Amino acid sequence: MAVHALTGFSLVSLLGFGYLSWDWTKPNQVENEPLSDLTNKISRFPPRQAQPHIIFILTDDQGFHDIGYHNSDIRTPTLDKLAAEGVKLENYYIQPICTPSRSQLITGRYQIHTGLQHSIIRSRQPNCLPLDQVTLPQKLQEAGYATHMVGKWHLGFYKKECLPTRRGFDTYFGSLTGSVDYYTYESCDGPGMCGYDLHDGETVAWGQRGKYSTHLYTQRVRKILASHNPRQPIFIFLSFQAVHTPLQSPKEYIYQYRGMGNVARRKYAAMVSVVDEAVRNVTYALRKYGYYQNSIIIFSTDNGGQPFSGGSNWPLRGRKGTYWEGGIRGLGFVHSPLLRRRRRVSKALVHITDWYPTLVTLAGGNISLSEGLDGYNVWPAISEGKESPRLEILHNIDPLYNHAKHGSWQDGFRIWNTAVQASLRVGDWKLLTGDPGYGDWIPPQMLANFPGSWWNLERCTDIQKSVWLFNITGDPYERYDLSKERPDVVKQLLARLAYYNRTAIPVRYPAKDPRANPEFNGGAWGPWAGDDEEYNWDEVYHKNTKTKKKCKICKLRSFFRRLNTRIMSNKL
């Protein structure tokens with residue numbers, strides 16, 4: 001007993017010393033330490049546990065072309081090194097916008113099975129991740145994990161039951177809305193509807209203005225690692241708001257990109273480099289406090305980049321918000337001493353829903369009772385190079401998105417209404433119907449104004465369509481539409497879409513609630529509805545569908561949005 005007490009005292013003392021000796025006010029604690037030194041650190045807790053520590057790092061709006069190992073113009077030495085020593089996921093898919101990716105990560109289910117298949121959850125909407133869903137952190141808690149989330153939530157907060165601390169996280173520090181200022185933490189949901197959005201647990205974290213969010217979030221993760229006992233498995237979800245707009249970065253990071261003529265691209269690249277340094281600091285803390293040897297680090301982006309805001313998905317087609325590859329093929333890699341086959345590139349088909357069963361299984365949890373999961377355990381494919389159990393991906397079916405003018409049941413062989421926005425991959429084949437979103441190929445933005453003739457060479461002018469078919473393995477850039485040549489494949493995939501649609505639940509997309517105004521909450525965003533308030537989601541769905549059919553002003557707004565997009569495109 002005395003020996004155990006002494007051991008416990010020594011452990012606490014060591015942790016306490018590390019905690020007190022770290023200067024939390026300095027964001028760049030290890031920037032001058034050679035990266036090679038990190039690989040030589042010896043863990044103070046060498047025995048490996050059956051349950052690995054899991055660090056999931058999610059970036060926001062980082063494009064396929066926006067990492068060093070895809071594009072040497074972007075300087076990400078830490079990410080490049082971690083990916084090179086781990087497994088690069090080069091056939092990895094996410095969703096085209098924020099809320100859907102986060103919902104599928106945390107539930108292991110497609111959007112059509114959570115009611116979040118349309119758009120994002122907006123700040124004033126009385127909506128959140130369905131409360132009947134058992135989340136990934138909840139499953140990890142059941143397996144004995146300490147669970148912490150730092151960063152962007154964007155899964156709804158209209159009542160307290162929706163908050164991260166009620167959905168499986170022991171602690172939470174970050175922003176609840178979709179986009180905030182990196183220094184002031186102001187978030188707006190329309191003109192004049194702005195409020196402060198930084199929370200510690202379930203309270204507003206006032207007093208943090210002036211601190212850059214990427215640095216602030218990194219400091220919180222290091223603090224968690226310093227104060228936690230590494231003998232207990234830990235799950236940390238580090239969800240950066242970077243590199244989402246607004247384009248803001250400390251000036252010292254911009255200087256290295258001074259040669260870039262495009263100002264937006266220059267700021268964006270600097271923000272990526274700040275993230276790279278943040279990951280370096282987190283990795284260093286994992287080693288310093290004895291986690292690394294039994295850890296799994298997963299890096300992922302949530303959707304494709306937005307070229308109008310400095311991002312690049314080259315050479316993929318499309319951008320954020322679209323179902324072209326540029327919107328849904330993600331950056332991703334796994335770095336871990338626990339990988340059996342490291343230093344390689346994996347072409348295994350992986351989707352963001354797969355992390356749920358994969359991580360729960362690795363944690364020793366039970367997924368046998370989790371009926372209806374759309375994800376698969378892909379760890380053998382990632383770690384050992386085995387075949388992926390995943391053969392297809394439903395990218396989405398969105399019945400509320402603007403219907404394509406040239407789509408019809410007849411074009412869909414009376415199997416599927418091709419006016420409906422939907423996308424599916426089965427094996428090598430990818431099908432898109434409806435309006436899949438802005439479909440240009442956008443070259444790297446190295447100059448402020450490159451010749452218009454270059455741009456026009458890559459313009460997509462054939463918009464009088466509602467069905468596209470690609471052999472995505474042989475044609476990952478989606479340049480050769482085979483829908484006319486292979487109607488047999490089109491029919492098979494349309495039938496598969498129809499099957500998935502029969503399993504969909506009603507869309508959850510309620511009208512904005514005036515009670516959400518931050519003025520009613522001391523100037524900050526936060527829950528405004530009572531936990532006993534319930535919504536009839538079937539009624540909301542039918543109301544949305546009816547409004548969609550009759551709303552002429554909506555069509556007018558859509559016209560001006562497209563007009564604005566074309567104007568911005570020509571200015572690129």
Side-chain angles (χ1 to χ4, degrees), residues 50-60 89 92-95 98-111 113-116 121 128-157 161-174 176 221 224 228 232-240 295-303 330 332 334 336 338 350-379 382 389-390 393:
Q51 295 174 291
H53 304 298
I54 301 169
I55 313 299
F56 197 106
I57 301 171
L58 188 71
T59 57
D60 199 341
L89 305 177
Y92 172 54
Y93 286 87
I94 65 273
Q95 297 306 113
C98 304
T99 296
S101 279
R102 285 162 170 74
S103 70
Q104 297 196 39
L105 165 66
I106 210 168
T107 67
R109 288 170 166 80
Y110 290 142
Q111 295 163 252
H113 296 146
T114 59
L116 300 176
I121 296 177
C128 71
L129 188 75
L131 299 176
D132 60 351
Q133 294 289 327
V134 179
T135 67
L136 172 60
Q138 286 172 332
K139 294 297 289 185
L140 294 177
Q141 281 181 332
E142 291 176 5
Y145 275 69
T147 58
H148 304 272
M149 180 175 176
V150 178
K152 174 177 171 177
W153 175 239
H154 207 186
L155 287 173
F157 58 89
E161 281 186 295
C162 301
L163 296 175
T165 47
R166 308 289 180 100
R167 305 312 306 272
F169 289 103
D170 297 330
T171 69
Y172 172 69
F173 182 74
L176 299 172
V221 172
I224 291 169
H228 181 75
Q232 180 193 11
I234 191 171
F235 170 58
I236 296 179
F237 179 26
L238 175 53
S239 176
F240 288 115
S295 68
I296 297 172
I297 302 170
I298 300 167
F299 181 88
S300 170
T301 184
D302 70 338
N303 49 248
V334 177
S336 172
L338 306 180
V350 178
H351 185 248
I352 195 166
T353 54
D354 296 332
W355 295 121
Y356 185 109
T358 300
L359 298 181
V360 172
T361 301
L362 282 170
N366 186 355
I367 61 169
S368 62
L369 299 178
S370 301
E371 296 181 2
L373 287 181
D374 295 305
Y376 295 85
N377 176 11
V378 292
W379 186 250
I382 295 172
R390 176 174 287 283
I393 297 173

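Source: prediction; values computed, not measured. Numbering of residues begins at 1 and proceeds along the displayed sequence.
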Could you report the tightest heavy-atom contact between [X] and [Y], atom names first, then the distance?
X	Y	answer
Ala143	Ala363	CB-O, 3.8 Å
Ser336	Ile296	OG-CG1, 3.6 Å
Arg167	Pro137	O-CG, 3.5 Å
Tyr93	Ile393	CD1-CD1, 3.7 Å
Pro357	Gly375	CG-C, 3.5 Å
Pro233	Pro52	CB-O, 4.3 Å

Worksheet entry | Residue pair Ile94, Asp302: steps toward the side-chain contact (heavy atoms from CB on, under 4.5 Å) verdict | CA-CA 6 Å; Ile94 65 273; Asp302 70 338; 5.9 Å; no

Going by heavy atoms in the side chains, are [X] and [Y] under 4.5 Å from each other?
X	Y	value
Asn377	Ile367	no
Lys152	Cys98	yes
Glu142	Val360	no
Val350	Thr358	no
His351	Tyr110	yes
His154	Leu176	no
Gln95	Leu116	no

Discussion item. Determine whether Phe235 and Leu136 satisfy the following criterion, side-chain contact (heavy atoms from CB on, under 4.5 Å), listing intermediate values before the conclusion.
Written reply: CA-CA 10 Å; Phe235 170 58; Leu136 172 60; 4.1 Å; yes

Quick one: [atom1] on [X] to [atom2] on [Y], what's the gap to the nearest 0.5 Å?
X	Y	atom1	atom2	answer
Thr99	Leu129	OG1	CG	10.0 Å
Leu338	His53	CG	NE2	9.5 Å
Phe237	Ile55	CZ	CD1	12.0 Å
Trp355	Ile352	CH2	CD1	9.0 Å
Leu140	Phe169	CG	CZ	8.5 Å
Ile297	Ile54	CD1	CD1	12.0 Å

Worksheet item: Hey, mind stepping through Val134 and Tyr356 against side-chain contact (heavy atoms from CB on, under 4.5 Å) and telling me if it holds?
Response: CA-CA 11 Å; Val134 179; Tyr356 185 109; 4.1 Å; yes

Fill in: Whether Trp379 side chain and Ile382 backbone form a donor-acceptor pair below 3.5 Å
no

Worksheet item: Are the side chain of Gln133 and the backbone N or O of Pro130 linked by a donor-acceptor pair below 3.5 Å?
Response: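 Checked: no pair found.
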
Worksheet entry | Flag for Asp170-Gln141: side-chain donor and acceptor within less than 3.5 Å |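 Yes.
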
Item to complete: Test Ser300 against Phe56 for side-chain contact (heavy atoms from CB on, under 4.5 Å), laying out the working first.
Response: CA-CA 8 Å; Ser300 170; Phe56 197 106; 4.0 Å; yes

